[in-house]
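This report refers to the structure that appears directly beneath it.
Keep in mind that what you see is a predicted model, and the values were worked out from it rather than measured.
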Amino acid sequence: MDVAALLLELYGRIPPLARHAVDGVSPDRLIRPPAPGANPIAWLVWHLARVQDHHVAELLDADQLWVGGGWARRFGLDADPSNTGYGHPPADIATVRPEAPEVLLEYLDAVAGRTRAMLADL
């Protein structure tokens with residue numbers, strides 16, 4: 001079994017699914033929970049990208065894209081490398097406010113590109 005190919009295929013599924021969830025959705029709708037107790041689309045896509053960025057950077061012994069790429073500012077957040085969304089209460093979830101829907105996908109694409117490059121080297 002080619003583990004690298006398997007992981008590339010699995011990680012390759014994420015960006016198209018996120019794009020489908022974000023495309024055509026208004027900025028207001030992206031940051032609004034769809035139901036009480038549910039997380040907004042913007043937070044879910046951000047959290048997905050943040051966790052992947054955090055973990056891949058750790059594996060590469062490199063800085064997270066979040067910290068060095070100006071991404072935090074574009075989400076209205078600090079460039080805190082430990083802020084991946086784990087344990088966020090509703091007040092923290094509400095602070096994730098991308099400046100535009102495209103920012104969610106651009107950050108995820110940057111993280112996915114780094115992940116693909118790492119996996120291709122396995």
Check: Honestly curious: do Ile31 and Leu48 fall in one hydrophobic cluster under the side-chain, below-4.5 Å linking rule?
Finding: no
Check: For Thr84, does its backbone N or O pair with a side-chain atom of His47 as donor and acceptor, under 3.5 Å?
Finding: yes
Margin query: When you compare the side chain of Val56 with that of Val111, does any pair of heavy atoms fall below 4.5 Å?
Written below: no
Next item on the list: Measure the spacing between OG1 of Thr115 and NE2 of His55 and express it to the nearest 0.5 Å.
Entry: 11.0 Å
Next item on the list: Would you give the length of the straight line joining atom CG of Asp92 to atom OH of Tyr86, rounded to the nearest 0.5 angstrom?
Entry: 15.5 Å
Next item on the list: Go through the steps to decide whether Asn39 and His88 satisfy the test side chain to side chain donor-acceptor pair (under 3.5 Å), and finish with yes or no.
Entry: CA-CA 10 Å; Asn39 294 324; His88 268 185; over 6 Å; no
Next item on the list: May I have the step-by-step check of side-chain contact (heavy atoms from CB on, under 4.5 Å) for Asp78 and Asn83, ending in yes or no?
Entry: CA-CA 9 Å; Asp78 294 328; Asn83 183 10; over 6 Å; no
Notebook entry, point to check: Would you say Arg74 has more than 12 foreign heavy atoms packed within less than 6.0 Å of its CZ?
Noted result: yes
Check: Do side-chain atoms of Asp53 reach the backbone of Leu65 as a donor and acceptor pair under 3.5 angstrom?
Finding: yes
Note to self: Using every non-hydrogen atom in the two residues, find where Ala62 and Arg114 come nearest and quote the distance to one decimal.
What the structure shows: CB-NH2, 3.3 Å
Item checked: Taking every non-hydrogen atom, the tightest pair across Trp71 and Ala110 -> CZ2-CB, 4.0 Å
Check: Any donor-acceptor pair under 3.5 Å linking the side chain of Gln64 with the backbone of Pro81?
Finding: yes
Item checked: ILVMFWY cluster, Leu60 and Leu108 together (side-chain gap under 4.5 Å) -> yes
Notebook entry, point to check: Does Ser82 offer a backbone N or O that forms a donor-acceptor pair with the side chain of Asp80 under 3.5 Å?
Noted result: yes
Checklist line | Taking every non-hydrogen atom, the tightest pair across Val67 and Ala79 | finding: CG2-O, 3.8 Å
Notebook entry, point to check: Where do Val25 and Ala21 come nearest, in terms of heavy atoms and distance?
Noted result: CG2-O, 3.4 Å
Next item on the list: Evaluate the side-chain proximity of Thr95 to Phe75: yes if any heavy-atom separation is below 4.5 Å, no if none is.
Entry: no
Check: Which atom pair, heavy atoms only, marks the closest approach of Val103 to Pro98?
Finding: CB-CB, 4.3 Å
Counting only pairs under 3.5 Å, give me each side-chain donor-acceptor contact of residues 4-17, with atom names and distances, residues two or more places apart or in other chains.
| from | atom 1 | to | atom 2 | distance (Å) |
| --- | --- | --- | --- | --- |
| Glu9 | OE1 | Arg13 | NE | 3.4 |
| Glu9 | OE1 | Arg13 | NH2 | 3.1 |
| Glu9 | OE2 | Arg13 | NE | 2.9 |
| Glu9 | OE2 | Arg13 | NH2 | 3.2 |

Check: Under the side chain to side chain donor-acceptor pair (under 3.5 Å) criterion, do Arg50 and Tyr107 qualify, and how do the steps go?
Finding: CA-CA 9 Å; Arg50 282 295 300 123; Tyr107 176 52; 3.2 Å; yes
Margin query: I'd like to know if Arg19 pairs up with Asp109 as an ion pair, taking the criterion as any Lys NZ or Arg NE/NH1/NH2 lying under 4.0 Å from an Asp or Glu carboxylate oxygen.
Written below: yes
Next item on the list: Please name the pair of heavy atoms, one in Ile93 and one in Pro40, separated by the smallest distance, quoted to 0.1 Å.
Entry: CG2-CD, 3.5 Å
Check: Side-chain contact, heavy-atom cut-off 4.5 Å: Leu77 with Trp46?
Finding: yes
